[in-house]
Amino acid sequence: VLRRPVDANAIRERVELATSGDSADAFAGQSLMKQAERLRKAKADLDTEKIPLVGFHPPQSAFGPETLMTLRSAGFHYLVD
């Protein structure tokens with residue numbers, strides 16, 4: 001087995017992470033403030049300097065207009081439904 005040092009810059013260019021939030025609870029029906037709090041927590045828990053957390057897949061595929069409004073301000077780039 002040939003082992004080479006990991007090039008974090010090369011990984012960053014090819015890999016990104018997505019999350020489904022801080023728990024399996026649906027985002028639909030929650031207030032804008034509650035969703036923003038949950039998204040910020042999920043991002044803070046998983047985001048790294050080497051591999052960015054930029055995608056969001058809502059639990060149970062349940063989200064509302066509040067979720068879409070909150071994603072950008074929480075630092076996410078896209079939603080996977």
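Please read these numbers as outputs of a predicted model, since none were measured by experiment.
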Report all side-chain donor-acceptor pairs from residues 54-64 shorter than 3.5 Å, counting only partners two or more places apart or in another chain.
from, atom 1, to, atom 2, distance (Å)
Q60, NE2, A24, O, 3.1

Only distances under 3.5 Å count here; give the side-chain donor-acceptor pairs of residues 25-33 to other protein atoms, sequence neighbours excluded, each with its distance to 0.1 Å.
from, atom 1, to, atom 2, distance (Å)
D25, OD2, S23, OG, 3.3
Q30, OE1, R38, NH1, 2.9
S31, OG, K34, N, 3.0

Tabulate below the donor-acceptor pairs under 3.5 Å that side-chain atoms of residues 68-78 make, not counting sequence neighbours, or state none.
from, atom 1, to, atom 2, distance (Å)
T70, OG1, E66, O, 2.7
S73, OG, T70, O, 2.9
Y78, OH, E16, OE2, 2.8

Practice problem: Go through the structure and list residues passing side chain to side chain contact (heavy atoms under 4.5 Å, CB included) with A42, not counting sequence neighbours. | Solution: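 With sequence neighbours excluded, A42 shows a side chain to side chain contact (heavy atoms under 4.5 Å, CB included) to T19, given in chain and number order.
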
Practice problem: Taking side chain to side chain contact (heavy atoms under 4.5 Å, CB included) as the test, write out the residues that go with D45, two or more places apart. | Solution: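 Expected list: K41.
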
Self-check item: With sequence neighbours excluded, residues passing side chain to side chain donor-acceptor pair (under 3.5 Å) with T67
Solution: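 Partners of T67 under the side chain to side chain donor-acceptor pair (under 3.5 Å) test: Q35.
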
